[in-house]
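Written out below as structure tokens is the structure these notes cover.
Below, read A as the first sequence line, B as the second, and so on, with proteins coming before strands; counting in each chain starts at 1.
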Number of protein chains: 2
Amino acid sequence: MRTTIKDVSIAAGVSIKTVSRVLNKEKYVKEETRKKVEEAVAALNFSPSLAARTLAGRRSFQIALLYDNHSPYYIHQIQDGVWGRCREQGVRLLAQPTDVDSATLAQDVGGLIDETHVDGVILSSPVTDAAPVLEELERRGIPFVRISPGTNHALTSSVFMDDVQAADDMTTHLINEGHRRIGFVVGHPNHMASDQRLFGYRRALDRAGVPFEPNLVRQGAFDFASGADAAETLLDLPEPPSAIFASNDDMAAGVLAVAHRRGIAVPDDLSVAGFDDTDLAQLVWPPLTTIRQPTRELAYTAASLLFAMGDGVEHRRLQHDLVVRSSTARRKGR
Amino acid sequence: MRTTIKDVSIAAGVSIKTVSRVLNKEKYVKEETRKKVEEAVAALNFSPSLAARTLAGRRSFQIALLYDNHSPYYIHQIQDGVWGRCREQGVRLLAQPTDVDSATLAQDVGGLIDETHVDGVILSSPVTDAAPVLEELERRGIPFVRISPGTNHALTSSVFMDDVQAADDMTTHLINEGHRRIGFVVGHPNHMASDQRLFGYRRALDRAGVPFEPNLVRQGAFDFASGADAAETLLDLPEPPSAIFASNDDMAAGVLAVAHRRGIAVPDDLSVAGFDDTDLAQLVWPPLTTIRQPTRELAYTAASLLFAMGDGVEHRRLQHDLVVRSSTARRKGR
DNA sequence: CTGTTAGCGCCTTCAA
DNA sequence: TTGAAGGCGCTAACAG
């Protein structure tokens with residue numbers, strides 16, 4: 001038989017309701033009574049049934065994290081960050097893979113909510129921009145927060161990094177290193193961050209008076225293969241770039257691979273820069289110069305926002321770090 | 001107001017209990033009645049409350065996955081595999097990070113079980129070998145399955161790959177390529193797989209009549225840094241190895257990094273082999289020759305085992321694949 | 001094959 | 001500041 005609130009109430013010599021009050025940290029419990037109850041809880045090693053609390057109360061002490069991202073590192077950091085905040089809050093986390101292309105997406109999410117009574121939902125890219133999910137969530141009036149959404153920042157609570165500034169910083173860094181022909185690999189078109197990073201790149205070029213060359217910009221898709229493809233094209237140019245800045249680290253890894261295959265020394269003959277979205281940069285070499293994406297912090301903040309919601313729409317913008325890991329970085333001629 | 005089983009029963013014109021029967025796929029429901037109920041369920045878009053089912057019944061339709069592993073790729077694959085099986089079963093998955101060094105580990109796990117009423121638990125390394133957890137689980141008689149446990153295979157249900165054979169296969173492959181001095185980087189001492197892989201390495205050497213040299217074996221810890229350290233030592237040997245076989249891919253990546261730093265051409269001057277525990281091998285270059293660890297399949301199988309339990313202890317051993325990705329592999333002199 | 005009657009363990013509402 | 005009664009939505013154990 002499991003230990004119940006009743007056992008605790010008997011052990012503590014109070015009513016069930018009083019134990020409930022202590023469990024829920026309600027006011028109006030005499031300090032002395034509270035103590036007695038807490039001791040009984042500890043002595044019996046009592047953990048209240050979430051199922052019962054959910055059924056009887058208004059909260060389920062559970063939230064869901066929806067994802068459909070194929071970058072394990074990214075998801076892991078997101079989950080880790082959200083988890084950290086949940087832990088502090090005494091809330092369980094339901095990690096829910098989804099398929100944003102599924103026809104039954106909204107229904108699936110609705111079913112999840114009905115089944116689990118989750119108190120809120122956190123959306124990670126690309127679920128952040130799945131209209132059916134957003135509509136379903138809004139229809140039900142269930143609190144949710146989006147991490148790095150691609151669109152509609154203004155409509156809902158969300159957290160994101162400053163992608164424009166990040167790309168600007170990196171480009172400026174490369175320019176300061178002496179580069180004039182800087183290749184750029186654009187991210188997946190579905191992600192607003194892609195546009196923003198491209199914009200940051202152009203803004204930095206403009207400010208420095210470095211002419212923008214459409215030839216040096218290649219479309220990618222945030223994966224290793226597209227980064228490699230882009231690198232091939234860029235390095236085949238009659239006048240190839242002296243640096244390539246990829247919009248994320250998977251693509252940057254692809255660029256490095258091509259450089260290696262061609263016997264191009266990095267960073268001596270080619271500088272490669274990217275984002276550190278996924279910690280991957282720490283595992284590749286030659287070293288990448290990276291913008292650290294504060295993924296874990298974003299996720300943590302998203303959960304904080306969720307728990308604090310009800311006051312209306314909020315946004316949180318987190319700062320990135322420019323991390324120069326290429327120890328042999330040096331000035332380059334054009 | 002949420003849709004309840006009662007609404008369905010009214011819509012279908014049957015009793016609540018009958019709806020319940022249909023939901024639980026019980027026998028003894030007339031086909032025609034079942035159909036009526038199913039239509040009502042679909043029409044009302046009804047999803048039963050897990051909290052209520054848990055409270056009233058014997059099952060919670062939830063299982064937990066306990067992990068404390070710092071390899072995102074590994075966890076992701078595990079979670080993915082378990083998830084896939086859960087989905088088929090209509091079971092929710094609670095992903096639960098733990099701290100195997102925590103003093104309150106058993107209590108934490110116990111609390112989780114009390115709170116959530118999970119029907120079973122899946123343990124991934126290194127939680128697989130946390131004695132307090134195993135004891136707690138056994139004491140409660142809750143079904144659990146261990147994925148790639150490090151110890152005590154015989155005591156509990158578990159799934160694992162054939163590490164001895166895998167390491168043997170790889171070593172044999174290297175020998176067949178002409179290598180005679182093969183460095184080996186041992187995995188973390190806490191993992192039984194480390195011993196087994198070392199054993200497989202030795203077995204292959206013995207069978208081929210290649211003398212075992214203790215100098216060529218270095219202790220690692222399954223991380224990038226220890227792989228790099230081991231490589232430094234091995235390559236500093238008066239007579240360095242022509243191939244290095246690392247017990248996992250993080251360490252293999254470390255070996256590659258050192259080779260690169262020293263200007264050693266891979267695979268021309270040095271072959272590097274490893275396991276593909278984490279898909280990392282696909283992101284590094286020069287290419288690694290790898291043993292594919294069937295992580296996702298292991299996890300899926302673990303969940304299957306869990307759902308099929310009650311028949312006693314079972315074990316499942318899954319086959320690995322030897323994946324030769326070094327396209328320029330060639331015979332080497334000693 | 002189907003329905004009835006009790007709870008599951010906790011929170012809510014109300015009263016004291 | 002505390003307690004008593006009622007019910008959340010569902011399933012178990014029976015009865016028909």
Taking 4.0 angstrom as the limit, do B/Arg85 and B/Glu88 come out as a salt bridge? yes
My understanding is that only residues two or more places apart in sequence, or in another chain, count here; which of them pass side chain to side chain donor-acceptor pair (under 3.5 Å) with A/Thr116? none
Residues forming a side chain to side chain contact (heavy atoms under 4.5 Å, CB included) with B/Glu38, sequence neighbours excluded: B/Val22, B/Arg34
Sequence neighbours left out, what pairs pass side chain to side chain donor-acceptor pair (under 3.5 Å) with at least one residue falling in residues 39-52 of chain B? A/His117-B/Ser49
Would you please name every residue forming a salt bridge (charged side-chain N to carboxylate O under 4.0 Å, His left out) with A/Asp80, sequence neighbours left out? A/Arg296
Nearest 0.5 angstrom please: B/Asp129 CG to B/Leu123 CG, how far? 9.0 Å
Do the side-chain N and O atoms of A/Ser60 and A/Asp119 include a donor-acceptor pair separated by under 3.5 angstrom? yes
Do B/Glu31 and B/Lys36 meet the salt-bridge criterion of a basic N to acidic O distance under 4.0 Å? no
Any residue in residues 2-9 of chain A with a heavy atom nearer than 4.0 angstrom to DNA chain C? Just list them by number, or reply none. A/Arg2, A/Thr4, A/Ile5
Taking the basic N atoms (NZ, or NE/NH1/NH2) and the acidic carboxylate oxygens, is any pair closer than 4.0 Å for B/Arg140 and B/Glu135? no
What pairs meet the salt bridge (Lys or Arg N to Asp or Glu O under 4.0 Å) rule with one or both residues in residues 44-59 of chain A, with sequence neighbours excluded? none
In residues 44-53 of chain B, which residues come under 4.0 Å of DNA chain D by heavy atom? B/Phe46, B/Pro48, B/Ser49, B/Ala52, B/Arg53
In B/S/- notation, 5' to 3', how is nucleotides 1-7 of chain C contacted by protein heavy atoms closer than 4.0 Å? BBBB--B
A/Leu23 has an atom CG; how far is it from atom P of C/dC11, in whole Å? 6 Å
A/Thr295 side-chain N/O to A/Gln77 backbone N/O, donor-acceptor pair under 3.5 Å: no
By side chain to side chain donor-acceptor pair (under 3.5 Å) - contacts of A/Asp7 (at least two apart): none
Take the C1' atoms of the five end pairs on each side of the helix from C/dC1-D/dG16 to C/dA16-D/dT1, get both axes, and report the angle to 10 degrees. 30°
Inspect the contact between A/Asp108 and B/Arg87 and indicate whether a charged nitrogen and a carboxylate oxygen are less than 4.0 angstrom apart. no
Between C/dG9 atom P and A/Ile10 atom CD1, what is the distance in whole Å? 13 Å
The first and last nucleotides of DNA chain D lying within contact of chain A, meaning any atom under 4.0 Å from one of its heavy atoms, run from D/dT1 to D/dG9
Is it true that the side chains of A/Ser304 and A/Thr301 contain a donor and an acceptor less than 3.5 Å apart? no
Residues in salt bridge (charged side-chain N to carboxylate O under 4.0 Å, His left out) with A/Arg139, at least two apart? A/Glu136
